[in-house]
2 protein chains.
Amino acid sequence: MDHPSPPRPAVMIDVARLAGVSHQTVSRVLNGHPSVRSETRERVLTAVRQLNYRPNALARGLAGRRSRVLGVVSFDTILYGPAATLLGVERAARAAGYGVSIVTLEQLDHDGVGDALNALAEQSVAGVVIIAPFTNAAAALRALPTGIPAVVVEAGTSGALPAISVDQVAGARLAVRHLLDLGHETVWHVRGPQNWLEARDREDAWRSTLESAGAPVPPVIDGDWSARSGYEAGLRLAGDPRVTAVFCANDQQALGVLRAFHERGVRVPDDVSVVGFDDIPEAEFMSPPLTTIRQDFDEVGRRCLAMLLNLLDAPPATVVETYPRVEPALVARASTGAAKG
Amino acid sequence: MDHPSPPRPAVMIDVARLAGVSHQTVSRVLNGHPSVRSETRERVLTAVRQLNYRPNALARGLAGRRSRVLGVVSFDTILYGPAATLLGVERAARAAGYGVSIVTLEQLDHDGVGDALNALAEQSVAGVVIIAPFTNAAAALRALPTGIPAVVVEAGTSGALPAISVDQVAGARLAVRHLLDLGHETVWHVRGPQNWLEARDREDAWRSTLESAGAPVPPVIDGDWSARSGYEAGLRLAGDPRVTAVFCANDQQALGVLRAFHERGVRVPDDVSVVGFDDIPEAEFMSPPLTTIRQDFDEVGRRCLAMLLNLLDAPPATVVETYPRVEPALVARASTGAAKG
DNA sequence: AGGCCGATTGTTAGCGTTCACAGCGCGGTT
DNA sequence: AACCGCGCTGTGAACGCTAACAATCGGCCT
């Protein structure tokens, strides 16, 4: 009476039987528990290999407390920033032995985050990373259900939740200073959508940098991250002879501005200098190559994860500390030059 | 002796007690089982709301067969195509009540896919979508472990696995025909990386379209999707007076080509016409705006999911059918014009 | 009247792990 | 000689849910 080879994948008890131990001993081996005789351990590991046994994460999560899966709430993952951050988090998570479950928001609002968080909570994720850099992010943490450990990206110093972010203020200052140092009297700004925190920060820093340099502050032009909005802004700017330097809140908008300038015969950087933000891979090959501010999204992802993991095995009521901000850097290319005369 | 309000989230048995029924009845209500008296159902639902009860997906997955989570294996989610496809799949999955777990490949190889699939299998995903359009994708399906239902994107008609893809051949033909129809004698091609199936398909279609039109087939130029590679290709092309039309395997490469041409004083479209592929959001705002082939990634995502869900509740040995390919479309912009003379 | 059926509900087993709590053998104490 | 402690291992009970089956209650058929 031989058992026919079972098509069903092996489970822990199968391994236990094959190794001649109890299922608990198998569990101990798998979880690196110290008190297992090394000979026993070997026997178990051999059986594991032999049966091609893979522990069932569902059962593991149910029985124990933690579920080796992290949740990520994200918005518009086609945009370079969020996509890059997501990738960074995923890589870091995988390196730490965690899986990643994602939920993308349809729109940037309070309910969306709440729903997303709930969906993730149902999957019993161990913790979540929220990449939803909109201004009322504070609402997000109130929406946090069962007190899942969470880390937010680019949500400013909203306080109640640990946050990781690139130093937007430093970045914007870098951009504006670069232009002022080139001799431009002032710098115009095409800002991002007002419900994004980064956009606000960049605008604020632009304004304050101009002010502290004693430069006049021209009216700000609206944008929404898209190249189209940059194009429209560019058309307006192109007619104004006072404009000699433009700081765009992101590279796509800068592309649109370049396009509009090209169309109107405004030469870059001869007539007007343009700076972007993000350093998307395409920036280097725009016409002309775009001077911009580089953000290290990989680093952001890594720090997010480090912080989250930290949170996971920390007592519930630990101090919320914010990691030092990631520092952006200026990448000077051909789209900026000295002011005329 | 009153129970203090439990900080622990409510579970099914709590709901059952509150509603005065058995836990099984609660389960039935939650799963839409027909034979529950509507009055009972109401009572249960009220209790659910009252306790803010959320079913535990882990337990659900363990007990039943299916785990409302799908896996997605993806590569380079910063690239427009994969990112857009991922987003499409995620949206569709969410709409169907599924969560999505992702694993991104570090590099495009066989082991990578195997590992990724294993990682997902451990999470007991109900099925997987593989967005890994590399040429030896056939290896991927052999790496499939326990026979998880799977759908591949852009893996050609490799056969053994259901596949969804945009009709690359039709797209490339559209591009080449557009240029030929404008009077160009032939069309040069900056192809994508050779281990990507789309790149192969586009190149093949480019070649065969030229051949069937009786046009000479110029040597193909290498590229790797990046703007940089397009730039380098453009520099080479710029020196050659015979070049009047270029078809780039994607929009980023086209951007690089445009950049190189601009730098070398080659006017687009006056001297040379350029066509890209993908229709990334930036394409419209390049200098000049790029004529390109639009792919509907949302549709791809939707079909993937439809097919996968189909597979989920189908008998194991069902015929592998391939959905009709998604049709791309030509978007004509300023980067293409009639041939000189 | 006896019996069978369908609608509704409850009961009992798992699903595959981990956790808490024993056991067992053995060397060293008291 | 009885005892404690320690290294190692096993046993039983969760974890929160679904599946399969049993039970109950009318009503209807013969």
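Just so it is clear, the structure is predicted and the values come from calculations on it, not from any experiment. Letters A, B, ... mirror the listed sequences (proteins, then strands); counts begin at 1.
- Within the structure, every side-chain polar atom (N or O) of A:Ser27 is placed at least 4.0 Å from both OP1 and OP2 of C:dT17.
- If you measure from atom CG of A:Leu62 to atom C1' of D:dA14, you get 10 Å, rounded to the nearest angstrom.
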remark   = 5' to 3', nucleotides 20-25 of chain D under a 4.0 Å protein heavy-atom cut-off (B base, S sugar-phosphate only, - none) gives B-----

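- Axis deviation across the helix from C:dA1-D:dT30 to C:dT30-D:dA1 amounts to 70°, comparing end segments of five pairs, rounded to 10 degrees.
- Distance, B:Glu122 CD to C:dT17 C1': 13 Å, rounded to whole Å.
- Taking CD of B:Glu122 as the reference point, atom CZ of A:Arg54 lies at 5.0 Å (rounded to 0.5 Å).
- The distance between atom CZ of A:Arg60 and atom P of C:dG16, rounded to the nearest whole Å, is 15 Å.
- The side chain of B:Asn56 places no N or O atom within less than 4.0 Å of a non-bridging phosphate oxygen (OP1 or OP2) of D:dC15.
- The side chain of B:Arg37 places no N or O atom within less than 4.0 Å of a non-bridging phosphate oxygen (OP1 or OP2) of C:dT8.
- Annotation: side chain of A:Leu70 is not in contact with side chain of A:Val125 (no heavy-atom distance under 4.5 Å).
- Counting to the nearest Å, the C1' atom of D:dT18 and the CG atom of B:Leu58 are 14 Å from each other.
- Between the CD1 atom in A:Ile131 and the OG1 atom in A:Thr104 there is a gap of 11.5 Å [rounded to 0.5 Å].
- Of the side-chain N and O atoms in A:Thr40, one or more sit less than 4.0 angstrom from OP1 or OP2 of D:dT9.
- Residue B:Ser22 has no polar side-chain atom (N or O) positioned under 4.0 Å from OP1 or OP2 of C:dT11.
- We find that CD1 of B:Ile13 is positioned 9 Å from P of D:dC17, with the value rounded to whole Å.
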Which side-chain N or O atoms in residues 28-37 of chain A pair as donor and acceptor under 3.5 Å with protein atoms at least two apart or in another chain?
| from | atom 1 | to | atom 2 | distance (Å) |
| --- | --- | --- | --- | --- |
| A:Asn31 | OD1 | A:Arg60 | NH2 | 3.4 |
| A:Asn31 | ND2 | A:Ser27 | O | 2.9 |
| A:Asn31 | ND2 | A:Ser27 | OG | 3.4 |
| A:His33 | NE2 | A:Ser35 | OG | 3.3 |
| A:Arg37 | NH1 | A:Glu39 | OE1 | 3.3 |

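- Out of C:dG16, C:dT17, D:dC17, the shortest distance to the side chain of A:Met12 is found at C:dT17.
- Distances shorter than 4.0 Å separate none of the side-chain N or O atoms of B:Ser35 from OP1 or OP2 on C:dT8.
- If B:Arg43 and A:Arg54 are placed on DNA chain C by their nearest nucleotide, the residue sitting closer to the 5' end is B:Arg43.
- Atom-to-atom, CD of A:Glu42 to P of D:dT9 comes out at 13 Å; the value is rounded to the nearest Å.
- Between the NE2 atom of A:His23 and the C1' atom of C:dC15 there is a distance of 14 Å, rounded to whole Å.
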